[in-house]
Amino acid sequence: MAQTGVISQKAEAIYERQSPAREALRRLLRHRSAQVGMALLGLLIFVAIFAEQISPYDPTKIIKESKRRTPPCIHLLGCPKDQPQHIFGLDSNTRDLFSRVVFGSRLSLQVGIASIGFAILVGGVIGAVSGYVGGWTDNIIMRIMDVLMAFPSMLLAIAIVTVLGTGLINALLAIGIVSIPRYARLIRATILSVKEMEFVQASRALGASPLRLLVVRILPNAFTPLIVQGTLGIATAIIDAAALSFLGLGAEPPRPEWGLMMGEEKNSVFNAPHLLIFPGLAITMTVLSFNLLGDGLRDALDPRLRGGSAS
Amino acid sequence: MKHRFTFVLFTAVVLFSMMLASCQPPAPATEAPAAPPTEAPAAPPTEAPAAPPTEAPAAPAYEPMVVSAENCDYGGEFKSIEALDEHTVKFTLCYPDPAFPSKVAFSVFSIQDKDYLDANQGDSVKMSDQPNGTGPYKVTEWKRGDSITFEAYPDYWGEKAKTKTLIFRWSAEAAQRFLELQSGTADGIDNPATEDWEAIESDANLKLYPRDGMNIFYIGFNHDLDPFKDEKVRQAFAMAIDRQRIVDQYYPKGSTVAVNFVPPALVPGASPDVPWYDYDPQKAKAMLEEAGFDFNQEIELSYRNVVRAYLPNPVVVGQEIQAQLAEIGVKVKLNEMESTTFLDATAAGEKPFYLLGWNADYPDASNFFDYHFAAETNLQFGTLFEDIVKEIRAGGQTADPDERQMHYTKVNELLKEHVPMIPVAHGGSGTAFKASVKGAHSSPLGNERFSVMETGTDQLVWVQNGEPAALWCSDETDGESLRACEQVYEPLLSFVVGGAEVEPALAETYESNEDLTEWTFTLRKDVKFHNGATLDANDVVATYASLWDASSPNHVGRTGNFEYFTAFFGTFINAPK
């Protein structure tokens with residue numbers, strides 16, 4: 001009995017190894033930091049989707065009856081019942097901080113995903129053209145990308161926002177543009193290594209068009225590193241967006257953007273710290289979740305690390 | 001072969017770069033000797049040849065200067081300014097002006113050496129490089145973007161500065177200023193944040209000096225621009241703003257809700273019996289609908305993120321106004337601008353809706369009214385309202401207080417009718433110093449005098465909100481610039497330390513005729529400028545001429561607007577048509 005059990009387990013393991021995607025998912029689910037990352041991210045997405053139901057107040061509405069910058073008041077923790085409950089307290093404009101932080105999750109996720117999506121799309125096309133066509137085109141495009149990368153990314157983003165004008169959309173674009181080279185390089189590298197492989201040659205010999213070769217045969221190979229880079233990239237994008245807003249170049253008041261909320265209250269570190277702590281914590285949590293998930297994804301998907309990392 | 005070629009190429013590149021590197025040190029060395037000769041001759045000629053001519057004519061025959069207008073039809077206040085002798089200047093006015101001594105005591109009208117003025121052609125920027133005044137401090141260095149260092153002037157005519165070195169720094173962040181004061185790197189700071197007042201008062205090492213609210217914070221409209229061309233729209237906005245709440249929530253104690261544009265202490269000027277519109281959002285909304293106001297448009301509310309006594313927290317107050325207007329369905333977009341750009345844009349009449357304020361320069365209602373509603377160079381509210389201008393001019397030229405008040409009451413009524421702005425608050429503010437600083441004070445006019453302060457060491461560090469725009473202030477309006485200039489330059493008269501009464505400065509005595517149209521100032525005899533020149537009556541005439549006479553080669557300034565001059569004394573003479 002015992003022996004057959006072992007054998008069947010082995011058989012199962014062999015069966016599972018046959019599907020790389022499933023294998024990767026299994027590794028990911030077992031990966032400790034990925035678990036934490038996914039839990040945090042899940043919570044965040046839940047909060048973002050149900051922001052209206054979760055938040056007790058309108059994030060931009062001024063609560064006229066209360067005094068501004070009131071510290072947090074939670075009834076469960078002994079705050080007198082006659083005072084209105086504000087879990088995170090009130091901000092300088094007597095708005096409920098908790099509602100603002102909750103709604104901020106929407107903006108941050110949107111900004112992170114949209115800007116990286118933009119970067120992957122544009123960077124992907126550039127990298128694919130560059131890698132597939134090769135020669136002078138490749139040389140010129142990649143040197144331009146090198147120039148872009150040579151700038152400190154934050155500085156370049158600020159310069160772009162200055163040209164485009166402040167606003168969340170422009171900040172989003174700026175961050176997207178700044179991250180283009182990373183994805184262009186990634187795609188190009190994959191294409192260079194895959195383009196001369198036998199299965200591509202075979203497909204070409206069978207008369208596949210260049211576009212079909214690129215999209216169907218070559219690009220799927222770039223999928224894995226792209227997911228890892230993209231996940232980590234979202235974390236950076238969220239931080240950059242918060243930094244731009246902090247400097248007053250991103251979201252415009254009264255939008256509940258975390259970076260903006262911190263920027264507005266940067267003078268309150270000593271006299272009303274709750275105004276900085278909660279948005280700061282929210283940013284930290286979000287970025288941490290993406291970073292942990294990204295790490296887990298890399299470990300799960302990268303064939304070179306396979307075997308050693310899951311332990 | 002191929003490798004050898006690359007190696008040779010590489011070596012060549014390395015050697016070339018080393019050559020370049022070794023060449024670099026000599027390069028500045030060859031430049032460095034070149035620079036001083038070009039500068040050195042530049043500086044002495046302006047001073048050296050300039051000095052003999054003044055001394056030469058001064059000794060044998062003094063030639064008194066006269067500048068005068070042909071007649072009084074040009075619209076300004078001055079008829080003539082003449083040097084009677086070396087130490088006497090006479091101003092003849094076109095109409096009586098009871099506030100004349102207060103106006104003359106304002107630091108924009110500080111006296112400059114005529115030759116220095118001529119040498120620099122009245123260019124404020126050039127003159128800021130090597131400021132030359134008569135004050136207790138002289139400027140030794142202005143590190144742009146960082147600090148200004150002043151040093152006590154040993155030949156000062158009056159009581160010499162008690163602390164040898166004075167350093168001006170600036171930071172827009174109230175928390176940073178406060179931190180500097182707490183950590184001891186600053187001896188005094190301007191405008192501590194409302195939230196930090198308690199902390200300062202409870203700290204035995206620090207002392208707070210509250211400043212009375214002789215100022216006004218207002219929400220300005222430009223009635224030449226959409227959507228504020230319609231008077232009804234402006235009136236509706238005036239009813240939609242809950243001013244009481246703004247003052248209660250965002251201003252330190254000692255602040256009051258504004259009833260008129262002028263602070264209540266200034267009588268004649270304020271009219272408590274002409275109260276502002278009551279807060280009534282429903283009525284405001286109804287009025288807007290009636291006026292056909294487009295609720296879909298987004299109105300831009302411009303402001304500068306600069307803390308002033310009248311506006312302790314611009315961003316937060318801006319959002320409050322945005323939220324209040326959102327309640328009646330008006331969409332507002334906040335537009336934060338750089339301070340100087342913002343001031344220039346509003347004065348040029350480019351901004352339809354903005355937050356701004358005013359700190360009194362001298363304690364008279366004309367200081368508030370004239371600059372804002374009767375100065376032709378100031379387009380911040382759009383074209384001037386003729387009826388308001390008429391009453392302001394009449395009030396400014398009337399000596400009898402009761403009659404003056406009648407004109408000003410009419411002005412307040414008209415302001416309420418036309419609503420070029422919404423007066424919101426008279427903000428209390430203050431300065432904070434280390435408790436050990438003797439003579440520390442705050443001035444209601446914002447012109448703290450550091451020469452009377454004693455730190456016990458030889459250095460006093462002052463951190464204010466912003467960097468001065470220039471160190472010759474004839475063409476400046478910003479208090480941050482004026483405060484720096486006040487340490488270096490002096491007008492004929494000045495205000496007492498920490499107060500608003502006029503006292504003699506460069507003029508030892510002054511008198512006027514009974515109509516208040518002729519004012520004669522007798523200058524001190526022992527006053528020397530920082531460049532060594534002696535003060536005489538021609539310096540006074542030349543300085544005023546550079547402001548007043550648009551055809552003067554010295555009529556340059558920084559922007560060329562001379563807003564204060566036109567606000568105080570009306571139009572220029574010889575202005576190009």
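A, B, ... follow the sequence lines: proteins, then strands. Residue 1 opens every chain. Both backbone and side-chain heavy atoms feed into the values below; hydrogens, waters and symmetry mates do not.
Applying the 6.0 Å contact sphere to NZ of B:K333 captures more than 12 heavy atoms from other residues, nucleotides or ligands. In this structure, A:K195 places its NZ atom where more than 12 heavy-atom neighbours from other residues, nucleotides or ligands lie under 6.0 Å away. Heavy-atom neighbours of B:R245 CZ from other residues, nucleotides or ligands within 6.0 Å: above the threshold of 12.
A:S66 has its side chain within reach of A:P84: a pair of non-hydrogen atoms, C-beta onward, lies under 4.5 Å apart. Considering only heavy atoms from C-beta on, B:T194 stays 4.5 Å or farther from B:Y251 through its side chain. Residues B:V317 and B:I246 are in side-chain contact: their nearest non-hydrogen atoms beyond the backbone lie under 4.5 Å apart.
Judged as a ring pair (Phe, Tyr, Trp, His ring centres under 6.0 Å), the pairs with a partner in residues 62-107 of chain A (not counting sequence neighbours) are, in order, A:Y57-A:H86, A:F88-A:F98, A:F88-A:F278.
Under the salt bridge (Lys or Arg N to Asp or Glu O under 4.0 Å) criterion, B:E201 pairs with B:K253, sequence neighbours left out.
Contact annotation for A:K64: both backbone and side-chain heavy atoms come within less than 4.5 Å of a heavy atom of chain B. For A:N271, the part lying near chain B is the side chain, with the backbone staying farther off; criterion is any non-hydrogen pair under 4.5 Å. Contacts between B:F178 and chain A at a heavy-atom distance below 4.5 Å are absent for every atom of the residue. For B:E198, no part sits under 4.5 Å from any heavy atom of chain A, backbone or side chain.
Inspection of the A:S92 and A:E264 side chains reveals no N or O donor paired with an N or O acceptor under 3.5 Å.
Remark: A:R188 engages A:D138 in a salt bridge, criterion side-chain N to carboxylate O under 4.0 Å. Using a 4.0 Å cut-off between charged side-chain N and carboxylate O, A:D146 and A:R185 make a salt bridge.
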- A:R106/A:E257 under salt bridge (charged side-chain N to carboxylate O under 4.0 Å, His left out): CA gap, chis, key distance, verdict: CA-CA 9 Å; A:R106 272 189 187 179; A:E257 211 278 342; over 6 Å; no

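For residues 169-177 of chain B, a heavy-atom distance under 4.5 Å to chain A picks out B:E173, B:A174, B:A175, B:Q176, given by residue number. Scanning residues 293-305 of chain B against chain A with a 4.5 Å heavy-atom cutoff picks out nothing at all.
The choice from B:E327, B:Q324, B:E336 that makes the most heavy-atom pairs within less than 4.5 Å of chain A is B:E327. Comparing A:P253, A:A272, A:S268 by how many heavy-atom pairs each has under 4.5 Å with chain B, the most go to A:P253.
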